[in-house]
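I have placed the structure first, in the form of structure tokens, so that the comments after it can refer back to it.
Remember, it's a predicted structure, so these values are computed and weren't measured experimentally. Convention: sequence-line order gives letters A, B, ...; per-chain numbering from 1.
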Amino acid sequence: MFENLSERLERSLKLLKGEGKITEINVAETLKEVRRALLDADVNFKTAKTFTETVKEKALGQNVLSALKPGQMMVKLVHDELAELMGRTNVDINLKGSPAVILMAGLQGSGKTTMSGKLAKLLKSKRGKNPLLAACDVYRPAAIDQLKVLGEQINVPVFADLESKDPVKIALAALKQAKLNGHDVLIVDTAGRLAIDEQMMKEITNIKDALNPSEILFVVDSMTGQDAVNTAKEFNDRLNFDGVVLTKLDGDTRGGAALSIRSVVNKPIKFVGTGEKLDALDVFHPERMADRILGMGDIVSLVERAQEQYDVEEARKLQKKIAKNQFNFNDFISQIQQIKKMGNLKDLASMIPGVGKALKNIDIDDDAFKSIEAIIYSMTPLERENPELINGTRRKRIADGSGTTIQDVNQLLKQFTETKKMMKMMSGGKNMARMMSNMKMPN
Amino acid sequence: MGIFSFFTKEKKQQLDKGLEKTKESVLKKITRSVVGKTTVDDDVLDDLEEILISSDVGVDTTLKIIKRIESRVKDEKYFGANELNSILKEEIAALLSENEQSTFSGEFNTNEKPYVIMVVGVNGVGKTTTIGKLAHLFKSEGKTVVLGAADTFRAAAVDQLSIWADRVGVSIIKQEMGADPASVAFDTVTSAKSSNADVVIIDTAGRLHNKVNLMNELTKIKRVMQKVIPNAPHEILLVLDGSTGQNAFEQAKQFTLATEVNALAMTKLDGTAKGGVVIGISDQFKIPVKYIGVGEGIEDLQIFNKKEYVNSLFGS
């Protein structure tokens, strides 16, 4: 439903064409679009206003002629300013203390328990830590069970006391247990609470005072709207938290809350949750978040995902085959499998700037490859290795076997030949693996 | 009146209390913006814009409301800014009542037995809690309720629903964690049918609306239930978190595409979140808001009443 900022700006910047300089008058419409884009992304009303003012200050007087395209210049200005505001550098969590105590706090349903599990897994597998999880949500039914199940999945012990209804006591007992068993990190999961619930806010302050945590993380749902500011401020006033964790970023929310929170409490965003699996935890990338808020796709994540699934050894073999012009249908289908491994096609496509909107109402899923696969699987092994063997009668048989038509088969063969040609051209002595690893985005 | 005729004054006070924070700040802002002014000028409209946007009403809906007010200023030549409060209320109520035909009538179609409700939504909006409260609501009306624990994915979700079933005193059909949710739903409706239960409520795992496979799973759960009861589920309830911003639109859109959502529930309205996005959603998708959650207690679920909601937002 939202147009991305560059599209909006292109329209409004028509006003700027032919003007020598950006002035208060000719940039007004453009700034309105900037503000609108921010509000659509759930950036807080006041934050959006202040931000637009800042952008205006920076844009005024700039020479339009010197910039290749004024639209691009404005987008860059807005983008850079956003990234700047959300923090250029990454701030790590503080793991000092024995054990280091990490306290999780936030509203109901923001994802504290899942995030506690993810964090424990990260610290254990990537930092060589020996964490203990403490279940201090005594209110929500089965919250303790939930943490226990997660603990089992990642093989991290969970401290719980089903008899006690006092989170402070449970937290202290967990701390004692951690010391006793030589855990170097204690992650304390707490109940979700509303910022206006005096009793519950007092409770978490008491937990903080009792444990003296080295790191307090405020967990917030990335889909949160205007209220993000109030909640973050209230939690920060009470807890003076050290960092923010943004969850559910694998959805399609623009996530303007990230900017609002940052600008109100000025605390770094340290982690983002990007999926339901327990390793779906990522460090925060301000640049990508800026793109996202502006609705400009996330090409960097796309490239990263491609690289993750990319098998260097396989690629080297493939590259040799291409060079010798031996690329065949077996290779073709293994390429398709690789693409499919990267995830849902629509998700992937939507990360490409500009494409997301175009595809909005078109349903493409993994079925897109179904008929291609069927055709290839209906070929004999000999045919797959030697596509040039496929003559008229073979085509008829393949079409019948795959439930497609001869036209479909012809089309695939044509596509295949073209792909082969293109790959030969692209490879031209260059190493594919190197090409992939060089695919870094300019900043 | 139907089974929900107990929406009494007591309940209304609770709604007022839940939305108190909203009311105070909105009224304060409006009052501040109209003090010492006699006409609706641009400053007042700007302030109004801020109030609405800050309540998550969204840019489109806000512009729509402001346009209506502006045209009324033109048509009626002049009106004092102190009338703004009631005019604003009227205009928002008008947006909400445009889908009057689908307004919750206060009773469900009792010809359907069991009446099957499937509850869907993204992660962490409060589906399971809402189901617990909903079961209590039906039970207190003397209905027999069967819950179906078809969230077999999230750790301990089945336990959470079981605790609610115990608390409310209704039966629950469940399988192991990781079981096929469609199979749980099938078992639940089969059991409810043979025990002649009045209401079935199916819990489903939270899922982000942009995950095609997970959305397809919902379609499957629905289809499988229809093998037992052809027009089940009679109600597909999308639960929205009251603190969610504009993404709620996309949620409403995608869940509607996958499962033909025909009712909404807004949760967590007892916090500082305003839930204003519901105005736009109601306007755009013509799906009625049926329930609102205003606390964690078993009684803290209310039948949504558009007029009262608007009144509570702006004071009555």
*Tabulate, in ascending numerical order, the residues of residues 164-181 of chain B having at least one heavy atom closer than 4.5 Å to a heavy atom of chain A, or enter 'none'.*
W164(B), R167(B), M177(B)

*What part of V277(B) gets closer than 4.5 Å to chain A, counting heavy atoms only: side chain, backbone, both or neither?*
neither

_Contact summary for P141(A) and I163(B), nearest pair of heavy atoms_ = CB-CG2, 3.7 Å

*Output, in order, the C-alpha distance, side-chain angles, deciding distance and verdict of side-chain contact (heavy atoms from CB on, under 4.5 Å) for T253(A) and Q246(B).*
CA-CA 8 Å; T253(A) 181; Q246(B) 299 309 300; over 6 Å; no

*Closest non-hydrogen atom pair, L208(B) against G251(A)*: CD1-N, 3.4 Å

*What do the steps show when you test Q160(B) against D145(A) for side-chain hydrogen bond (donor to acceptor under 3.5 Å, both in side chains), and what is the final call?*
CA-CA 9 Å; Q160(B) 189 182 348; D145(A) 295 329; over 6 Å; no

*Neighbour count >12 (heavy atoms, 6.0 Å) for atom CD, E260(B)*: no

*Side-chain donor-acceptor contact under 3.5 Å, T272(B) with D227(A)*: yes

*Search all heavy atoms of D56(B) against all heavy atoms of Q226(A) and return the closest pair with its distance.*
OD1-N, 2.7 Å

*Using a strict 4.0 Å threshold on nitrogen-to-oxygen distance, state whether E296(B) and R140(A) make a salt bridge.*
no

_Working to the nearest 0.5 angstrom, can you tell me the gap between L107(A) CG and D241(B) CG?_
8.0 Å

*Checking salt bridge (Lys or Arg N to Asp or Glu O under 4.0 Å) for the pair E49(B)/R36(A): CA distance, chi angles, key distance, verdict?*
CA-CA 12 Å; E49(B) 187 193 358; R36(A) 166 93 199 240; over 6 Å; no

_Nearest-0.5 Å distance that lies between atom CG in D270(B) and atom CG in D197(A)_ = 8.5 Å

*Provide the closest heavy-atom pair for D42(A) versus N247(B) in the form atom of the first, atom of the second, distance.*
OD2-N, 4.0 Å

*If you look at every heavy atom in E250(B) and D252(A), which pair is closest and at what distance?*
CG-OD2, 3.2 Å

_Taking every non-hydrogen atom, the tightest pair across N123(B) and E276(A)_ = ND2-OE2, 3.3 Å

*Any idea which of Q146(A), K248(A), K49(A) has the most non-hydrogen atom pairs under 4.5 angstrom with chain B?*
Q146(A)

